[in-house]
Amino acid sequence: MTYIKDLLKHKGQTVELKGWCAQKRDSKGLVFMTFRDGTGFCQAVISLDVVGEASFDAAKRLPQESSLVIAGKVIRDEKQIGGFEIQVAQLQVLAEAGDYPITPKEHGVDFLMDNRHLWLRSRRQWAIMRVRNRIIFAIHEFFQGKGFVQMDAPIFTGNACEGTSTLFETDYYGEPAYLSQSGQLYGEAMAMAQGLIYTFGPTFRAEKSKTRRHLSEFWMIEPEMAFYDLKMDMDLIEDFVRFVVSKVLDEMKEELKALERDTTYLEKVREPFIRMKYEDAVSVIKGEKEVNGKTSLQMLAHEEAALKNQRAQLETDIAEREKKIASGELKKGEVNFNQARIDKLKNEIKDLDEKLQNIPQWQNSARNFKRGDDFGGSDETVLTKMFGQPVMVYNWPQEVKAFYMKEDETDKGYAKGVDLLAPEGYGEVVGGGERETDIERLKNKIEEHQLPMSAFEWYLDLRKFGNVPHSGFGLGLERLVAWICGLQHIRETIPFPRSYGRLLP
RNA sequence: UCCUCGAUAGCUCAGCUGGUUAGAGCACAUGACUGUUAAUCAUGGGGUCCCUGGUUCGAGCCCAGGUCGGGGAGCCA
């Protein structure tokens, strides 16, 4: 048995492939099949003259996603999907599929999500999962290469770590326990044992969020480093993100192409990231400060104009196609094609309308931003659209950050925290910072945040026994995947997304 | 929880100012076509118009309440 990914090595030879029929077209005496085997896609041509009547008829009736074994000669053909064609000499059907729900046609999100177990077979989803896998591998490569030890934090916890978000409560032998919303505090304990560590595991948030950035269950990578200050932390974040994105850019070209990802902005990760203090970022958001000769409000106005222009173009396109159809000069096939096109364009207009609807809201939010507040989703979007590359915002007002963030001695009232905002409006992908080491301050903060002191005794021990400066950060895997793949929605970044109102499949 | 948009065939949608028997394309089935890449041709089957109540001679369309979903806010990675 041969895999599609290895076809290059078998050019001109006869190979046997096992897989599924992804799509099919037939004409008299010929069946063209898009064949997939999990490792890739290729075209299989089944000719009546070659395979004989019995096999040919079987191939011709074969429904989408039936499983089969084919044997035939490998021909290089750049025009074909995957770049190869198999001229089938023998064909054996393993299982004929029923009526497959996902057709080569536009589908709505809800329908696709209900069929997520099958949707994963589609080429686009296949490519996303490949990229996700490469990102995960790159994360391990990066940290392992630097001598970090992977140590995982527990998923059941007895306390709400930062006391902010809503957690999932479970019954733990009769006691309440929560599903972990962060491995952060445990990471600190483990860093005191191993120096450099990272956790890689699932994280749970019970927020009833319904946005393209949120999941109830997602994967987080949380490195923690003894003897690192904020500056070292930021350097590490930058090296890390550059490493991961570069690996995907260099090694996943086919997948990015399948996703039609424009990599112009991604390539910018190879340049130094922008670093700015919270106060400066606020000035940019509020439109007091120009970036590349534009204020945030001007940028939003431009964006609005561009969207309106796009919308007008789509309208004209639709009108022209409708006119052509009405003229009655087109063949039936051409009419169908144009009608399908119109459907698609109308959907694009709906998307644009949704975006347009948000812009005035964002403008307001930017204009009225209160210095000292945390950034909202729209503020992040505005900020990252201003820059064509990743931006690190550091030194945040202490009140908006978690209790364990260290105060900057030279910049009173500001915490040594950092957020990395991905460009193109993708927002926060990394949040981190230097940890508070002063035990008295920690105790005060825990009280201020009204957290139960008893749950943090073990954490305070870390300051009693060999206290050292240390830093760390958390990376949301799915947000990174969404940004790198250029996806509209985070739900496509994970095999089986769990979000508000979605527990199946 | 709040704002906003929506629910019509397996799928994507159209359905005028409320008016007879609710439409198209795709998919599916049958047949025709030797090189297709969502663009050949013909025929065919397929509907609880989300639910409940109301207005009306008459509701897919209007009104009220609900359910589910999209986008956003809040919260965050």
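Values below: all heavy atoms of this structure, side chains included; hydrogens, waters and symmetry mates excluded. Residue numbers start from 1 in every chain, and the chains themselves are labelled A, B, ... in the order their sequence lines are given, proteins ahead of strands. Because the structure is a prediction, the values reported are computed rather than measured.
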Are any of the side-chain nitrogens in Asp114(A) or Arg502(A) under 4.0 Å away from the carboxylate oxygens of its partner?
yes

G58(B) to G74(B) separation - C1' atoms, rounded to the nearest Å:
47 Å

Roughly how many Å is it from NE2 in His214(A) to C1' in A73(B), rounded to a whole number?
11 Å

Between G15(B) and G72(B), how many Å separate the two C1' atoms, rounded to a whole number?
30 Å

Any N/O donor-acceptor pair, Gln488(A) side-chain to G71(B) base, under 3.5 Å:
no

What does A59(B) pair with, Watson-Crick or G-U, if both distances are under 3.5 Å?
none

Using the P atom as the reference point in each nucleotide, state the distance between C51(B) and A9(B) in Å, no decimals.
11 Å

OP1, OP2 of A73(B) versus side-chain N and O of Arg213(A): anything below 4.0 Å?
yes

Which of parallel (below 30°), tilted (30 to 60°) and perpendicular (above 60°) describes Tyr278(A) and Phe375(A)?
parallel

Between atom CZ in Arg124(A) and atom P in A38(B), what is the gap in whole Å?
16 Å

Could you measure between the two P atoms, the one in A64(B) and the one in C5(B), and give it in whole Å?
13 Å

side-chain N/O Arg491(A) vs G70(B) OP1/OP2, d < 4.0 Å
yes

I'd like the C1' distance from U12(B) over to U21(B), given in whole Å.
25 Å

Report yes or no: is the cationic atom of Arg123(A) (NZ for Lys, CZ for Arg) closer than 6.0 Å to the six-membered ring centre of Trp126(A), at no more than 45° off its axis?
no

Expressed as a whole number of angstroms, how long is the span from Tyr500(A):OH to C2(B):P?
11 Å

Applying side-chain contact (heavy atoms from CB on, under 4.5 Å) to Ile46(A) and Leu30(A), what does each step give before you reach the verdict?
CA-CA 6 Å; Ile46(A) 299 128; Leu30(A) 277 177; over 6 Å; no

Is Glu424(A) paired with Lys385(A) through a side-chain N to carboxylate O contact shorter than 4.0 Å?
no

Hey, does the side-chain of Ser378(A) have a donor or acceptor N/O within less than 3.5 Å of a partner on the base of G72(B)?
no

Using whole Å, what does the distance between atom P of nucleotide C76(B) and atom CZ of Arg479(A) come to?
11 Å

For U56(B) versus G69(B), give the span between their C1' atoms, rounded off to a whole number of Å.
31 Å

Among C33(B), A77(B), C76(B), which nucleotide has an atom closest to any side-chain atom of Glu380(A)?
C76(B)

Residues Arg124(A) and Glu492(A) bridged, charged N to O under 4.0 Å:
yes

May I have the distance from Asp353(A) (atom CG) to U4(B) (atom P), rounded to whole angstrom?
17 Å

By a 5.5 angstrom centroid cut-off and a 30 degree plane limit, is there stacking between Phe32(A) and G35(B)?
no

Gap between atoms NZ and P, on Lys60(A) and A32(B) respectively (whole Å)
7 Å

Starting at CZ of Arg123(A) and ending at P of A38(B), how long is that distance when rounded to a whole Å?
11 Å

Under the criterion side chain to side chain contact (heavy atoms under 4.5 Å, CB included), which of Val31(A), Leu91(A), Leu68(A) is the partner of Leu62(A)?
Leu68(A)

In whole Å, I'd like the distance from the CG atom of Asn115(A) to the P atom of G10(B).
14 Å

Donor-acceptor pair present, Gln80(A) side chain and U36(B) base, under 3.5 Å
yes

Suppose we define a pair by two distances each less than 3.5 Å, Watson-Crick or G-U wobble; what does A38(B) pair with here?
none

Quick one: does Gln23(A) reach the base of U37(B) with a side-chain donor-acceptor pair under 3.5 Å?
no

Rounding to an integer number of angstrom, what distance separates C49(B) and C33(B) when you compare their C1' atoms?
39 Å

Taking U4(B) as the reference, what is the distance to C63(B) when you measure between their P atoms (whole Å, please)?
15 Å

Find the partner of C11(B): check Watson-Crick (N1-N3 plus N6-O4 or O6-N4) and G-U wobble (N1-O2, O6-N3) distances, both under 3.5 Å, and reply none if neither fits.
G25(B)

